[in-house]
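What follows is a short report on a single structure.
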Amino acid sequence: MHELTLCQSLLRIIEQEAERQAFSAVRVVWLEVGDFAAVEEGALRFAFDVARRGTPAANARLEIVPVDGEAWCPHCQCRVVVGRQYDACPECGHFGVHIRAGDTLRIKALEVE
Ligand SMILES: [Zn+2]
């Protein structure tokens, strides 16, 4: 289950931030989840619940912010939004678009106390 690995590295980032910015607890974690990140929301929430014990995010609420899959088509030189990583360009129908956004998991914001 790669969601657990993802959550563990996210929580490491949160712990580092807690030390750097001197906060003791996180109230809300806003997490950007890309369309292509291959993350299942239920599994992600479960993994977060397991991994956050004993961290500053132990009682945090997890807010998932979906991010559109964004790509660049070298054929028509367009910036396009695609639903899946291997979709054809919606403008010209060519395959081989380059993914620009939506393939990652990223902490967008933390509400801390
Ligand atoms: Zn195109």
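Reckoned from all heavy atoms, side chains included, excluding hydrogens, waters and symmetry mates. In this text, all values refer to a predicted model and were calculated from it rather than measured experimentally. Order of listing sets the numbers, starting from 1, for every ligand and every atom in it.
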Beyond-backbone contact of Pro90 with Val81, side-chain heavy atoms, under 4.5 angstrom: no
Side-chain contact, heavy-atom cut-off 4.5 Å: Gln16 with Glu19? no
Donor-acceptor contacts, no H, no angles, side chain residues 25-49, under 3.5 Å, sequence neighbours left out:
from: Arg27; atom 1: NE; to: Glu113; atom 2: OE1; distance (Å): 3.3
from: Arg27; atom 1: NH2; to: Val112; atom 2: O; distance (Å): 3.3
from: Glu32; atom 1: OE1; to: Arg106; atom 2: NE; distance (Å): 3.2
from: Glu32; atom 1: OE1; to: Arg106; atom 2: NH2; distance (Å): 3.2
from: Glu40; atom 1: OE1; to: Ala43; atom 2: N; distance (Å): 3.4
from: Glu40; atom 1: OE2; to: Gly42; atom 2: N; distance (Å): 3.4
from: Glu41; atom 1: OE2; to: Arg45; atom 2: NE; distance (Å): 3.1
from: Glu41; atom 1: OE2; to: Arg45; atom 2: NH2; distance (Å): 3.3
from: Arg45; atom 1: NH1; to: Leu62; atom 2: O; distance (Å): 3.1
from: Asp49; atom 1: OD1; to: Arg52; atom 2: NE; distance (Å): 3.4
from: Asp49; atom 1: OD1; to: Arg52; atom 2: NH2; distance (Å): 2.9

Just by distance, do the side chain of Gln77 and the backbone of Pro74 share a donor-acceptor pair under 3.5 Å? yes
Excluding waters, which protein N, O or S atoms are within less than 2.8 Å of the Zn ion (ligand 1)? Cys73 SG, Cys76 SG, Cys89 SG, Cys92 SG
OG1/Thr55 to CG/Leu11 distance, rounded to the nearest 0.5 angstrom? 4.5 Å
Between the side chains of Arg12 and Glu15, is the shortest nitrogen-to-carboxylate-oxygen separation below 4.0 Å, so that they form an ion pair? no
